[in-house]
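In what follows, every chain begins at residue 1, and chains take the letters A, B, ... in the order their sequences are listed.
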Protein chains: 2
Amino acid sequence: MVMPDALRRFKAEVFQALAHPTRIAIIDLLGEKELSAGELMEKLGIEQANISQHLAVLRSRQLLVNRKVGNQVFYSVRDRLLLEVLALMRTYFQNHLTGSLALAREMSSENKRMKATRS
Amino acid sequence: MVMPDALRRFKAEVFQALAHPTRIAIIDLLGEKELSAGELMEKLGIEQANISQHLAVLRSRQLLVNRKVGNQVFYSVRDRLLLEVLALMRTYFQNHLTGSLALAREMSSENKRMKATRS
DNA sequence: ATAGTATATTCGAAGTATCTAATATTCGAA
DNA sequence: TTCGAATATTAGATACTTCGAATATACTAT
């Protein structure tokens with residue numbers, strides 16, 4: 001029996017939300033601790049409007065929640081289960097990165113550092 | 001320290017591959033057993049060219065492998081870890097589906113059946 | 001009230017994804 | 001070798017995503 005289409009669309013939307021390097025970086029950072037939009041902007045070194053747009057995507061798919069404190073808006077991951085999914089994916093990526101040759105070349109110098117750190 | 005950009009792009013590509021309802025359906029079906037392109041086409045009821053294109057996406061990101069048997073091409077999931085990721089996501093979706101109101105409405109009749117089946 | 005800071009939204013250009021229809025390739029059987 | 005079946009690729013139309021620039025909103029402090 002085939003999964004209901006509505007559920008497949010829902011899943012696809014969540015994956016779609018994760019399908020951008022900047023948004024992956026955002027979720028990884030927020031997995032450690034809550035951060036304001038401005039702090040994220042600083043850490044990622046991208047335009048204010050751009051991060052705001054990416055946050056809007058993650059909000060609209062309900063991967064993030066936010067709370068206002070005065071002038072600032074602090075974001076965090078809505079459900080830590082999502083972080084477990086990402087952790088599992090990390091294992092997956094480690095299994096297959098070396099098979100991805102063009103990438104391996106591009107990353108040869110960053111490789112050792114990476115293995116020592118969390119992602 | 002921020003994750004290297006090349007790695008973030010690689011991850012994003014994998015999520016991108018999962019970011020389509022038809023492709024999610026394909027992976028779910030192949031999680032049970034190897035199937036030919038034609039069998040997938042039949043089960044999903046979509047155009048031949050279309051499924052072939054979706055299979056090409058999944059192949060190019062190396063989520064699937066294939067073997068030829070005469071005229072046919074059989075596909076299977078390359079790494080079962082990916083299926084574990086999808087299984088975890090199922091739990092995630094169950095936690096949040098009910099919060100997604102428009103969807104809940106759309107699915108009200110399929111709901112009980114769904115909980116009884118694997119997805 | 002006004003100015004300043006933090007964040008969100010809108011707009012338009014450029015790029016990417018998706019679909020169908022048409023065509024190409026590959027293989028086995030007659 | 002030609003035919004038919006299974007699959008892949010290409011082409012072109014349409015829809016979606018992404019970006020930076022400009023503008024809007026919301027809140028604080030003066």
Side-chain angles (χ1 to χ4, degrees), chain A residues 5-6 8-27 29-30 33-78 102, chain B residues 5-6 8-27 29-30 33-77:
Chain A
D5 190 58
R8 287 186 292 199
R9 286 202 307 273
F10 183 71
K11 289 187 179 187
E13 280 186 9
V14 173
F15 285 122
Q16 174 67 50
L18 296 170
H20 193 285
T22 300
R23 294 195 294 264
I24 289 175
I26 289 171
I27 298 217
L29 286 170
L30 294 181
K33 73 196 229 306
E34 185 189 60
L35 292 170
S36 70
E39 289 171 314
L40 284 168
M41 180 177 86
E42 228 185 71
K43 288 193 191 248
L44 296 177
I46 66 181
E47 291 286 320
Q48 186 274 319
N50 196 0
I51 196 136
S52 197
Q53 287 162 345
H54 284 302
L55 289 170
V57 171
L58 292 168
R59 242 188 302 125
S60 78
R61 309 285 161 85
Q62 315 214 65
L63 305 196
L64 299 184
V65 292
N66 58 303
R67 72 190 172 95
K68 274 185 119 150
V69 175
N71 228 358
Q72 291 167 289
V73 180
F74 286 89
Y75 282 89
S76 52
V77 175
R78 185 195 187 197
Chain B
D5 189 58
R8 286 186 292 198
R9 285 202 307 274
F10 179 73
K11 288 186 180 191
E13 281 187 8
V14 173
F15 286 122
Q16 174 66 50
L18 296 170
H20 193 284
T22 300
R23 293 194 296 264
I24 289 175
I26 289 171
I27 298 211
L29 286 171
L30 294 181
K33 72 194 230 306
E34 185 190 60
L35 292 171
S36 70
E39 290 171 315
L40 285 167
M41 180 176 86
E42 227 186 74
K43 286 191 191 255
L44 297 176
I46 66 180
E47 291 286 320
Q48 186 273 320
N50 197 359
I51 197 138
S52 197
Q53 287 162 343
H54 284 303
L55 289 170
V57 170
L58 293 168
R59 242 186 302 126
S60 77
R61 308 286 159 85
Q62 315 214 65
L63 306 196
L64 298 184
V65 291
N66 59 304
R67 73 188 173 97
K68 275 185 119 148
V69 175
N71 230 358
Q72 291 168 291
V73 180
F74 286 88
Y75 283 89
S76 52
V77 175

> Listed by chain and number, what are the side-chain contact (heavy atoms from CB on, under 4.5 Å) partners of B:E39, not counting sequence neighbours?
Replying inline: B:L35, B:S36, B:F74
> With sequence neighbours left out, what residues match A:S76 under side-chain contact (heavy atoms from CB on, under 4.5 Å)?
Replying inline: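 If we apply the side-chain contact (heavy atoms from CB on, under 4.5 Å) test to A:S76, skipping adjacent residues, the hits are A:E34, A:V65.
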Between [atom2] on [N] and [atom1] on [X], what's the gap in Å once rounded to a whole number?
| X | N | atom1 | atom2 | result |
| --- | --- | --- | --- | --- |
| A:L55 | C:dA8 | CG | P | 6 Å |
| B:N66 | D:dT9 | CG | P | 10 Å |
| A:L40 | C:dA8 | CG | C1' | 15 Å |
| B:M41 | D:dA8 | CE | P | 11 Å |
| B:F15 | D:dT17 | CZ | P | 17 Å |
| A:I46 | D:dC19 | CD1 | P | 7 Å |
| A:R59 | C:dT7 | CZ | P | 12 Å |

Return the [atom1] to [atom2] distance between [X] and [Y], rounded to the nearest 0.5 Å.
| X | Y | atom1 | atom2 | answer |
| --- | --- | --- | --- | --- |
| B:Q53 | B:L58 | CD | CG | 12.5 Å |
| A:Y75 | A:L55 | OH | CG | 4.5 Å |
| A:I51 | A:E42 | CD1 | CD | 11.0 Å |
| B:L64 | B:I27 | CG | CD1 | 5.5 Å |
| B:I26 | B:K43 | CD1 | NZ | 13.0 Å |

> Dot-bracket, DNA chain C: Watson-Crick or G-U, under 3.5 angstrom, [ ] crossing, | other strand?
Replying inline: ||||||||||||||||||||||||||||||
> Any side-chain heavy-atom pair from B:L29 and B:L44 closer than 4.5 angstrom?
Replying inline: yes
> So, A:R23 side chain and A:Q16 main chain: donor-acceptor pair closer than 3.5 Å or not?
Replying inline: yes
> Just by modelled atom types, is the B:E13 backbone N or O under 3.5 Å from a matching donor or acceptor in the B:R61 side chain?
Replying inline: yes
>> Generate the contact string for nucleotides 25-30 of chain C. Rules: B means base contact, S means sugar-phosphate contact only, - means no protein heavy atom under 4.0 Å.
In response: -BBS--
> How would nucleotides 12-24 of chain C be written as a contact map, 5' to 3', with B for base contact, S for sugar-phosphate-only contact and - for no contact, using protein heavy atoms under 4.0 Å?
Replying inline: ------SBBBB--
> Are OP1 or OP2 of C:dA6 and a side-chain N or O of A:Y75 less than 4.0 angstrom apart?
Replying inline: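 It does not, given that no N or O in the side chain of A:Y75 lies less than 4.0 Å from OP1 or OP2 of C:dA6.
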>> For B:N50, give me all partners under side-chain hydrogen bond (donor to acceptor under 3.5 Å, both in side chains), at least two apart in sequence or on another chain.
In response: B:H54
